[in-house]
Each structure stands twice: as C-alpha cells, then as structure tokens.
Participant: 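My questions all concern the structure below.
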Amino acid sequence: MSERVGRRRFLAGTAVAATVVAFDPVFGWVAEADPRTDGAIAVPGLDGELVTDPASLAEAADDYGHIVHRTPIAVLRPASVHDVQVMVRYADRHGLKVAMRGQGHSTFGQAQVKGGVVIDSRTLATIHDISPRGAVVDAGVQWLDLARAATAKGLTPPVFTDYLGLSVGGTLSVGGVGGATSHHGLQVDNALELQVVTGQGDLVTCSASCNAELFRAVLGGLGQFGIIVRATVKVIPAKTTARVYHLNYADVAKLTAAQRIALADGRFDYLEGSVNAVEGGGWSYQLEGLVYYTAPDAPDDAAKVAGLPAPTSSDISEVTYFDWLNRIYALVEQLKQFGFPSPWLNLYLPGDATDRYVADTMASLTTADTGGGPILLYPIKTNLLTRPNVEVPDTPIAFLFAILRLAADPALVDPMVKSNRALYEKARACGGKLYPVSAVPMSPVDWVQHYGGDYPRFAADKALFDPRHTLTPGQGIFGA
Ligand SMILES: Cc1cc2nc3c(=O)[nH]c(=O)nc-3n(C[C@H](O)[C@H](O)[C@H](O)COP(=O)(O)OP(=O)(O)OC[C@H]3O[C@@H](n4cnc5c(N)ncnc54)[C@H](O)[C@@H]3O)c2cc1C
C-alpha cells in the first residue's frame with residue numbers, strides 16, 4: 001500500500017520557494033539565476049528541492065516550543081532517500097551542519113541548525129507496506145497516518161504517543177513513550193529495522209542482527225549518529241474498542257500506589273495518570289487505565305478496579321480504539337494556531353523517589369507556573385526498555401513526570417525555563433533523567449552526566465558514525 005503526501009499539497013500555502021543549486025564558500029547557497037553561481041560548488045543531482053526563501057528558513061528556525069530560533073542557510077525538501085544521502089555527504093565534506101526535522105515538535109531547538117541545512121522529512125512520507133511482519137514506513141510518516149492505515153488492516157503498532165502528529169523518525173530518535181509502554185516498552189523498543197544515512201552519507205540498513213551497533217546507537221540517539229530515512233516497526237492485532245477507567249485521588253501517594261498495583265498485574269493495556277488543578281487551588285491525581293477489546297470479550301469492570309486504593313470519584317467510558325489513539329490531535333492542532341511558547345519539562349523519576357519529588361513539586365506549583373498546561377505522571381517498568389541510549393533511572397520502576405507548560409505571556413518563558421532547569425537538577429540529584437524533548441538548557445557537561453557510564457560508548461559511536469559532528473547540533477551534546 002502506498003500513501004504519499006504529495007509535494008504539491010505540502011508546498012501549497014507556503015511562499016514560492018527559491019530553488020538553490022549551489023553552495024559558494026564565500027556567498028553561501030546560490031540560486032539558479034544568481035550570476036554568482038559561477039565558481040560555486042554544485043550540489044549534485046537532487047530529486048527534491050533545496051530552498052532558501054525567508055518563510056522556509058523561518059519555519060525551520062522554529063518549533064513547538066517557540067523559544068529557541070536558529071536560522072539555517074537552506075532547507076532541503078527531499079524527494080528521495082538519495083537526496084538525504086547527497087545532502088549529508090555534501091555537508092560533511094564542506095563542514096556544514098545538518099539535521100532532520102520531523103514535525104518540529106521539539107520544544108527547545110533540538111531540530112534546528114544555525115547556519116546549516118535542515119532536512120524536512122515531511123516530503124518523505126510514504127507508507128510502503130503493512131503486514132503482520134511489520135509496517136515499513138518513511139521517516140516522515142506521521143503516527144496518525146500509520147495508525148489509520150494499520151487499523152484499517154486490523155493491525156496496530158503496540159505503542160503510541162498521546163499525540164499522533166509526530167513523525168516516526170522523530171519519536172524513534174527520542175524514545176516515544178505512552179500508555180502502552182507499561183506492556184510494550186517505548187516506540188524505540190518496537191522498531192525492527194531501520195534505514196539510516198550516517199554522518200558521512202552512507203545508507204545503511206540495520207537491525208538487532210545486522211549492523212547492530214548502528215541500530216542500537218540510532219534508536220533514541222537524538223539524531224547524533226544517523227538520519228533515519230525508513231523504519232520497519234512492529235505491529236500486533238488491533239482490538240476495536242477502548243474502555244477507559246478514570247480513578248481520582250486526593251494525593252500523589254494514593255495515585256502511585258494504584259498505578260504500581262496495576263503496573264505489576266498488567267490489568268490495563270494502557271496505564272497513564274495526570275495531576276489536575278482543583279478549583280480554588282491545589283491538585284487532584286487521576287489514574288487513567290484502559291482495556292482494549294473486541295466484542296463480545298468485554299472487560300469485567302469490577303475486576304479492573306478491584307484491589308486498588310479507593311478513589312474519591314471514578315468514571316468509566318468507552319470509545320473506538322482509533323478514536324482513543326486520535327483523542328487529542330484536533331485539540332493540539334487548534335492550540336498550535338495560537339503559537340504560545342511551550343516550555344515543556346519531561347522527566348523520568350526513580351520509582352522510590354517519585355512520591356516525595358512530586359508532592360514537594362506540586363506543593364509549590366500553581367497554574368500560573370504551568371499556564372494551565374497538562375501534567376502527566378505514570379509508571380513504566382524499566383526492564384521493558386531495551387535501547388541503551390534512552391536514559392532512565394536505575395530502578396525497576398520509573399515514572400514519567402511531565403509539566404507541559406504554556407506561556408500565554410512571553411514574559412513567562414524565562415522563569416518557566418529556569419524553573420525547568422531547577423526541577424531537572426532536583427531530579428538528577430535523586431537519580432532522575434531528562435527526557436530530552438524538553439525545554440531545559442543543557443551544557444556538554446550536563447550531557448556527560450546524563451549518559452553517565454554510557455557516555456564513553458556514546459562518544460565512541462559518534463566518532464564512528466558521525467566523525468566530523470555533521471549531524472544534529474541542536475541537541476548541544478557535543479557543543480554548539
Ligand atoms: C503535542 C505533543 C505531544 C507529545 N506527546 C508525546 C508523548 O505522548 N510521548 C512522547 O514520547 N513524546 C511526546 N511528545 C514529544 C515528541 O515525541 C518529541 O518532541 C518528538 O521529537 C517529536 O517528533 P517530531 O517528528 O516533531 O521530531 P522533531 O522535533 O522534528 O525532531 C526531534 C529530534 O529528532 C531529530 N530527528 C527528527 N527526525 C529524525 C530522523 N528521521 N532521523 C534522525 N533524527 C531525527 C531532530 O533533529 C531532533 O533532534 C509530544 C510533543 C508534542 C508537541
């Protein structure tokens with residue numbers, strides 16, 4: 001099967017793009033009609049477009065966070081994997097930096113490249129095949145499109161992020177956590193095979209059994225070792241219906257106690273939780289558990305809540321499986337229209353420190369500090385996380401704690417980012433790890449600490465797969 005985002009559709013609504021054909025070491029990228037093309041280094045045979053118009057550059061210098069802005073000198077809209085290879089090889093040879101930009105839903109410039117080239121993966125968005133052996137997709141495919149196409153065949157990737165407007169290549173570069181992680185690990189744990197363009201422009205197919213070092217490095221590798229151009233991801237049979245259990249608690253300890261029980265016995269196919277503002281001040285804590293099923297195999301509601309701490313209130317509802325996966329897409333798209341800065345903080349907390357950390361944090365946090373953005377809190381079993389470049393606490397259970405802040409007033413951005421940094425340091429002091437999609441300033445020294453004992457391997461892989469540090473400077477791991 002094939003679903004392609006047509007280039008024409010993609011370009012519709014953007015300013016007319018100036019196609020660029022050459023790079024001059026003095027004048028930079030040079031357009032076809034420019035007389036300075038003489039003497040420039042030609043960019044050999046691109047199938048797609050390399051553009052430098054202000055609208056394209058401005059888009060590539062922005063992301064969901066709207067906090068960091070680094071302007072590239074050109075944006076490549078690849079029409080083929082070959083284009084990615086050509087561009088990376090070219091950049092590597094001429095000392096330019098390159099990064100793939102998926103849907104640009106990072107919050108702190110992670111996909112941006114000051115003075116370099118951004119490769120926009122949205123033009124590489126073909127779903128090549130979906131069968132019980134796996135789904136083969138281009139890196140620019142959105143999870144929404146894969147969810148739609150797979151469920152039409154009675155199949156589904158095991159794990160989705162809460163929002164489906166993210167690219168497959170983007171979440172495989174960071175981790176990809178969601179409610180089904182409680183059973184299936186992260187999205188990176190469900191990748192079967194990748195096609196990767198390394199920092200020197202080599203196209204390599206890798207999996208757990210073939211070029212395994214590159215496979216291990218790239219999954220959750222924050223774009224440091226290669227650009228994922230195609231992925232085969234696991235699929236499993238899809239159920240048709242989602243029954244949703246919401247149990248509300250007055251304090252964090254009761255929520256996490258309930259979550260720990262549910263995580264241990266696996267009663268829910270999906271397990272998340274949130275912290276919600278109470279009118280008049282304070283917070284309430286909600287467990288969100290789901291059972292996926294196909295009639296007539298309906299779940300037994302009493303059994304699903306049996307043995308959990310008694311909630312202050314609860315409700316049970318039901319939607320189709322696909323509608324559940326797609327539950328916040330429209331809302332996020334609406335919110336994006338406002339363009340509010342979004343200094344998000346995502347942390348993995350050690351299970352044994354979570355209650356204290358969250359209780360302390362929430363005691364001093366108000367909705368003015370979060371801008372009313374959602375706060376997530378849910379547990380994962382760290383033994384299900386198999387990709388070593390995704391750093392999580394060294395405890396059997398870790399909790400994702402995410403404060404998804406929204407700064408309706410730009411003056412709030414700075415204090416929110418500072419607060420993120422302080423909370424990160426507090427988490428780090430008790431064994432917590434950053435989920436690096438966050439708006440937290442990080443120095444190279446912070447990254448050494450982040451990777452800890454894994455850092456020497458991380459740096460050695462960089463030397464092997466991207467020796468000139470061509471790829472993805474926006475993460476700031478090896479300096480700007
Ligand atoms: C509304 C919203 C909801 C979210 N919900 C979740 C959630 O439930 N769970 C979760 O885990 N995350 C969630 N995220 C975070 C999200 O997973 C990351 O921001 C992710 O990086 C976004 O994917 P993207 O396609 O926009 O990637 P981008 O932001 O474009 O890129 C992210 C990083 O990966 C690199 N990259 C992108 N594509 C490739 C590629 N093909 N090869 C190599 N490197 C690449 C980029 O250079 C950059 O460094 C959410 C974000 C938003 C805005």
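Read the numbers this way: they start at 1 and go in the same order the structure lists the ligands and their atoms.
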Participant: Can you see whether Y64 has K336 sitting over its ring - NZ or CZ less than 6.0 Å from the centre and within 45° of the normal?
Facilitator: no
Participant: Counting non-hydrogen protein atoms only, what is the nearest one to atom 20 (C) of ligand 1? Give residue, atom name and distance.
Facilitator: V174 CG2, 4.0 Å
Participant: Counting only heavy atoms, tell me which of Y64, Y329, W344, F225 gets closest to atom 50 (C) of ligand 1.
Facilitator: W344
Participant: Any carboxylate oxygen within less than 4.0 angstrom of a Lys/Arg side-chain nitrogen, looking at K239 and D269?
Facilitator: no
Participant: If the contact criterion is a heavy-atom separation under 4.0 Å, does F160 count as touching ligand 1?
Facilitator: no
Participant: Any atom of ligand 1 sitting under 4.0 Å from a heavy atom of G165?
Facilitator: no
Participant: Closest non-hydrogen protein atom to atom 46 (C) of ligand 1, residue and atom name please, with distance?
Facilitator: M100 O, 3.1 Å
Participant: In terms of residue, atom name and distance, what is the protein heavy atom nearest to atom 30 (O) of ligand 1?
Facilitator: G102 N, 2.7 Å
Participant: When you measure from atom 7 (C) of ligand 1 to each heavy atom in L124, T161, V168, D138, which option holds the nearest one?
Facilitator: T161
Participant: What do you reckon, does G104 put a non-hydrogen atom under 4.0 Å from ligand 1?
Facilitator: yes
Participant: Measuring from atom 16 (C) of ligand 1, which candidate in D120, L166, D63 has the nearest non-hydrogen atom?
Facilitator: L166
Participant: What do you reckon, does G176 put a non-hydrogen atom under 4.0 Å from ligand 1?
Facilitator: yes
Participant: Who's the nearest protein heavy-atom neighbour of atom 3 (C) of ligand 1, and how far?
Facilitator: Y163 CB, 3.4 Å
Participant: Is there a nitrogen or oxygen of V437 sitting under 3.5 Å from a nitrogen or oxygen of ligand 1?
Facilitator: no
